[in-house]
Every structure is written in structure tokens, then in C-alpha cells.
Amino acid sequence: MAPHDLRRWIKRVSISDQQKRRDIALQRQQQNRRDSQHQARLLATSILSLQPE
Amino acid sequence: VAGIELPHKQWPELIGTLLSNIHQLPPHVKQATLETLGYLCEEVSSDMVDQDQVNKILTAVVQGMNSSEGSNDVRLAATRALYNALGFAQANFTNDMERDYIMRVVCEATLSPDVKIRQAAYECLVSISSTYYEKLAPYIQDIFNITAKAVKGDDEPVALQAIEFWSSICDEEIDILEEYGGEFSGDSDVPCFYFIKQALPVLVPMLLETLLKQEEDQDQDEGCWNLAMAGGTCLGLVARTVGDDIVPLVMPFIEENITKPDWRQREAATYAFGSILEGPSPNNLTSIVNVALNFMLTALMKDPNNHVKDTTAWTLGRIFEFLHGSTVETPIITHSNCQQIITVLLQSMKDAPNVAEKACGALYFLAQGYDDANSSSPPLTPFFQDIVQALLNVTHREDAGESRLRTSAYESLNEVVRCSTDETAPMVMQLVPVIMLELHQTLEAQKLSSDEREKQAELQGLLCGCLQVIIQKLSASEPTKYVFMQYADQMMGLFLRVFACRNATVHEEAMLAIGALAYATGPDFAKYMSEFYKYLEMGLQNFEEYQVCAITVGVVGDICRALEEKVLPYCDGIMTQLLKDLSSNQLHRSVKPPIFSCFGDIALAIGENFEKYLIYAMPMLQGAADLSAHVSGADDEIMEYTNLLRNGILEAYSGIFQGFKNSPKTQLLMPYAPHILQFLDSLYVEKDMDDVVSKTAIGVLGDLADTLGGNAGPLIQQSVSSRDFLNECLASDDQLIKESAEWAKLTISRAISA
């Protein structure tokens, strides 16, 4: 029979700064990727709008 | 053996043979048979055993549990077997008579004279509470009566399980209420029966009683678990389940006990208070907390008992966590009490390790509450230097290895740095050489025992983590980034030395810090690449510690954006490794979507030089796209993963199209266009993509049209995406989707008219 897991004690603090660091890094990377793609599109749009129809 | 053979239908007679043993007279044969049936149920998936056999197993098990069974060993084996067999009993629990019978036998077993049987029976009840919550209504009153008796007077292992039953019911109701927002509709799977709300007037006093049963020194003992700990944990869950209703039931207990001479009473009262801070609305608690705050600060300084101080510091942390921050209407921390709070917390950091650790935790939440403070002089600013110094002093304490104290101090330091403002930036800057020196010292230490090495690695991880936070903070604004850059070479040198330490957490932390540094450094990061590359490759090869692999994939993206075309010399190696990762069955699936996104980062950085990878990357993307396009009937978890995968694939396509833009080699992408458009169409038709995927998908359509231009015009015109999907996105409320759609509209009309 599997031993029954006793739950975590409420007083053991729930901080996981390591997870927070990972999440913040991931957010930054996603934002940077969006910015680069946005930048590329912005550049293309400005070139497109300069070209005659 | 059965675990291997039964799924292949290779031992069909096994269960029948075992069941025939049940009628054997010698109890030890019965016992062994029930134990075997228990193991079998534990190992084998429930769909491998047909209902007829399940019925027979349950009949045998329940008979073995019956009070008429003479042998306690047989009853115990049967009760433990039932615990494992419960997952097989879905059909039996829908039948009223069978369920009644099983429940009666389990409840009877909770009254057995044998403590082990009672404990095993309660474990069955705990498992039933989560597996068959919706079937419990007819039994809940009886269960309350027997659990209350057990909590009051039974042996500790039994009482703990009885409390666990109610914690488990809380878990179920919290989940149900979170999912349906409190409103049960006909479509919902499981209704909330509000068992906790109904039991509240008797449940809460029962739990409050347990809080007085603390053990001496329980705060110093990591593995300790007792009635008081379980009772407080359950009380916290009850508060989260019922919210405001718990407050009037707990307040009299707190008021009565908090000033008593017996430390157990003061601690129990404080613990009760701390436990109910999450759940009730902050407005309901603010006035109480305002009164309590002063009392707590005094207790933290003056109470003679370590245990009381520990719980007091923890409660302060909970106050700051749940009742302090920009979302809370009435601030409990003001300019007038801030100084006192900080003075007490910093003083408390010199207390015993368990108390100091809680004080660091409280400071963490205090700082966190100011993370989006816009005020010109945030309340922590005048104390910044003192706080940082106090935290550094904690990290240097000889006993900082106890009670997670050092970790807690670094975590608080990180949060204090994250929430700092321009005003304190010079002080954060001063911290850079201090933390670097600490890291340097750990690298100099020699001839360490394995125990010391482990501690050293932990410290290196903490220091790299702290540097990552500092890099990110200081590089967020140009003036501080400029000053900070003077440390970049030295810092990178330290990170590279850290990789010599073989420890996954340390590698991950160093990798994260390097990613932040690459972002801050930009193209100049190229000078570190020749030395750093081997560690990058090592990270990408780390299948076992997939977090390291995932972080490294993200850092490849950072490096691509920082170096742009200068990353080219490293791309053969990186792409080879990424392709290997994608083909591997060993690698955790969560790493695969970011790898696809990373293809996009590489392509965007190296442009048409991505040509040589197309024949490898495109089939991978196509295969994954086909797999992720249709997932009808998938559960939420699979759907979430599928959308992450779709987003990764689409980001890859975007990067590749944008990278090839204006290159003479654009036409190399033409053969892939039909499949990509088909993928976009099928996503649109399936109607199950989330907003993030919609935004990326419509962006890909724009990128495809932009890069391929008139050559793709006829193809684009044929696709549903270019009409219906585009129109839907143009009308979206989501600004990001709308922006991407505007872009797609522009490039599509240009491609079609070309």
C-alpha cells in the first residue's frame, strides 16, 4: 500500500523565488521576442507605405 | 509480474485464482491473497480489469474487512487492499446499495479496536473524499461524528487522518468553487455540496482544540507533523473554502488565548489568526489586523517563547502577503507604522534561525506589496540600506544553514531589489561587487567534503540568482545599465567558473543570469561566446534535468537577439542540438514548444543563412503542426499544451519568414506555403485556439504574405484564413490580435494585388 502523503504544513512558507526568477526570465524573453517581431513588421510597414501602389 | 502481464492480457486466470484463495481457511493465506490483490490494484490500471472481476475483488475485500472476520491481520490487509481498489470502484459507487455497503464497512472499520485498521480505514475515507466527493452527501453527518471522536481522543496517526479527511474535502470544494466561480450550472461536472460551510460551527471548534496540542521544538524539526500542525493547515483550508464566515468563529478563541501565561495558548491563538488570513475578504479583516499588528510586533520582540515568536513572525508575513499591496483598499502599512515594522523585522533577524527565517519571509511579502508602487517616495526607500545590510548579515550568520535561513534571506534580498526604485538604484549598484565577491569566494574554496560541496553549490545558486535579479533591475534603464556594464566582464568570468560545479540548480541559475546579461550587453556579448558556447551546448544536451534544458533554450533566444548575425558561427551546433532535442522521447514535452520558438529567434537573427536548416526544421514543424491541428475531445491540460505547441510552431514560421524577407532566396520558402496556410485554416476551423495563438497565427499570415508577396497571392486568396479568420481578428477586442490583423490585412492586399 502506498504511504499516504501528509500535506504540506501551512507554516512552511510558499515562497519559491527560484520559480519566480524562471517566470520573470520567461516573460522577459517572450516580450523581447514580440518586440523584435513587432520591430521587423514595423520596418516592413514603413517600407510598404513608402512604395507607390 | 501482474503489472507487466495483465495489460497485455497474458495472465487472464490470475484474479480468478487469487479469489479462489479467499475461501481458504488459514488466515495467513487470506491475508496474503488480500495483500496481493491490493498490490495488483495499485499496479494495474483500472481499465485493464473488467467489471465482473472488479466486483469479485471488491466483494472479497469488503468481506475481509467485515467485523465478522476473526483475524485482525486479514481485516487490515483487506482495508489496505480497499484503499488501492477504490479507483476501480467507479461503477460500484454509482450503485446506491453497493456504495452504502462499502461506506458502512469502511465506517465500521474506523471503530476497530486495532489502531492500524482504524488508520487504514481513515485513509480509505480520505481517498473516497477526493475520488467520490459527489457521492458523500448521505454519509457526511456520520463521518463528521466519527472523525470528531477520532480527532478528540484517538491515537495520533488516526487523528491525523481524520483531520486529513476534512482538509481533503476543503481541497475539493476550493477546486469546485474556483472553477465555477461559486455558481453551479447544469453543465458543471460536480456540484459543490458546501459540506464545510454546513459543518463550520462544529468543525472550527474541533480544529481550534487541536492547535493547543503543539510539541516542543516542532518548529526546528523539518520532518515533524502533528495534530496542531495538521489542525492549523486544515483551518487555513477551511478559511479559503468559506471566506468571511470563519472570522466570527475564530475571533473569540484568539481573544481568549492570546494573552494567556501558557505559551501553548498564545501560540495557538496566533496560529489560528495567521491561518485564517487567506480567504476572508481583506475589508473584513483590516480593522482586526490594524489592532493586531501592534500586538504582533510587540510579541515578536518581547515574547519569551521561541515558538510563539516563530508563529508571530509567520503571521506578520501572512498579513503582508494577503492584506498589503496596491490591490488592497485600505492600507495597513502607513508612513507612521512602517518604521516600527521594519525595526522589529530587522531586529528579529538576529533571533533564533527559525524566527529569523520567518522574519525574512515577512520582509519578502512586505517588499512585494510595493512592487508596483508609483509613489515618488515609496515607504521602503529610507530603510533600503539598513534592510540590505541586515539581510547580508543574516546570510553570514554561522547558523544560516539551519531552518532555510540563508535561502530566505537571499529571497528577501531579491524581492527588495526587484521592488526598488530609481532612488535606490545607486545602492543596488553597490551590491554588485559585494555579491560578486561572495561568489568569487565560493569558487576559491578548495578540498571540500561532499557535504560542504553541496552547501557551496547551494550558495552559488543563491548568489547567481541574486545577480540575475540585480542584472535585470539595473539593465532596465539606460543610465544604470551603462554604469553596470563595467562589471560585465568580471561577472561573466565568474559565471563561467560556476559551470565547473556539477549541479543542475547552479547551472540553471548561472544560465538564467547569463541570459539576463546577454540581453543587457547586446552585440558585445559576442566576446564571451567562444568560452561560453560549450556550456550552452551542455545545457541543451541536458535531457534529464529538463529545466536546465528549457532555460538554455530561452538563453539561445536571448543570445540570438543580442548578437543577431554574429551568432552564425554557433548555429550549426545549436541547431543540431535543438533538432536532436525535438526528436528525443526522453526530453520533457514542455521543452518542445520553446524549441520551436527558438527556431524563429535563430532565423530572425541570421536571416537567409537559415537556408541550410530549412530541410531539417521544416519537416519537424510540419509534423508537429499536423499533430497539433486536430485535438478534438482533449482535456484542458492537453488543450493548454497543444496551444503552447501551436504558438511555438507559429513563432518559428514568423521568424523564418521575417528572416528571409528581402532576400533573393525568398522563393525557397514557397514550397512550404501551402502547408502553412492549410495549418492556419485548420486552426481557424477547429475553433479551439486561445488568444495568444490567434495573435501569432494571424501574424504568420501577414509575414507569409509580406515575404512571399505576389507569388503567394493566389494561394492566400484560396485560404479561409485570409478572409474569415482575418475579419474575425480585425473585429477582435484584443488589441494585440487586432494589431497583428491590421498588419496581415496590409500585406495580404499587397500580395494579392501584386
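Naming: A, B, ... by sequence-line order, numbering from 1 per chain.
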Restricting to non-hydrogen atoms, name the atom on [X] and the atom on [Y] that form the minimum distance, rounded to 0.1 Å.
X: E411(B); Y: D17(A); answer: CG-CB, 3.4 Å
X: L604(B); Y: S36(A); answer: CD2-CB, 3.8 Å
X: Q472(B); Y: I24(A); answer: NE2-CG2, 3.1 Å
X: S740(B); Y: R41(A); answer: OG-NH1, 3.9 Å

N/O donor-acceptor pair under 3.5 Å between T233(B) side chain and W9(A) backbone: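 It does not hold such a pair.
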
message: Can a donor-acceptor pair be found, under 3.5 Å and without considering hydrogens, that links the side chain of Q658(B) to the backbone of A40(A)?
response: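 No, Q658(B) side chain to A40(A) backbone: no donor-acceptor pair under 3.5 Å.
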
Part of [X] lying under 4.5 Å from any heavy atom of chain A:
X: E35(B); value: neither
X: D703(B); value: side chain
X: S597(B); value: both
X: Y271(B); value: side chain
X: E278(B); value: neither
X: T311(B); value: both

- prompt: Taking atom types as modelled and ignoring hydrogens, do the side chains of R33(A) and S654(B) form a donor-acceptor contact shorter than 3.5 angstrom?
  reply: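 Side-chain D/A pair, R33(A) to S654(B): absent.
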
To the closest 0.5 Å, what do you measure between [atom1] ([X]) and [atom2] ([Y])?
X: R22(A); Y: M511(B); atom1: CZ; atom2: CE; answer: 13.5 Å
X: C560(B); Y: N32(A); atom1: SG; atom2: CG; answer: 12.0 Å
X: L512(B); Y: Q18(A); atom1: CG; atom2: CD; answer: 8.0 Å

query: For R561(B), which residues count as a salt bridge (Lys or Arg N to Asp or Glu O under 4.0 Å) partner, sequence neighbours excluded?
result: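 R561(B): salt bridge (Lys or Arg N to Asp or Glu O under 4.0 Å) contacts with D558(B), D601(B).
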
Audit row: R21(A), E509(B), salt bridge (Lys or Arg N to Asp or Glu O under 4.0 Å) steps and yes/no: CA-CA 9 Å; R21(A) 289 196 293 279; E509(B) 295 290 359; 2.5 Å; yes

message: If you define the side chain from C-beta out and look only at heavy atoms, does anything of V692(B) sit under 4.5 Å from Q30(A)?
response: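 They are not in side-chain contact.
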
E739(B) vs H38(A) side-chain heavy atoms within contact, under 4.5 Å: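 With C-beta onward as the side chain, the pair touches.
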
task: Using a strict cut-off of less than 4.0 Å between a Lys/Arg side-chain nitrogen and an Asp/Glu carboxylate oxygen, indicate whether K20(A) and E415(B) qualify as a salt bridge.
output: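 Looking at K20(A) and E415(B), the cut-off is met.
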
task: Specify which of G236(B), G702(B), G554(B) makes the most heavy-atom pairs with chain A at under 4.5 Å.
output: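 Option with the greatest count: G554(B).
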
task: Answer yes or no: does atom NZ of K745(B) have more than 12 heavy-atom neighbours from other residues, nucleotides or ligands under 6.0 Å?
output: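 No.
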
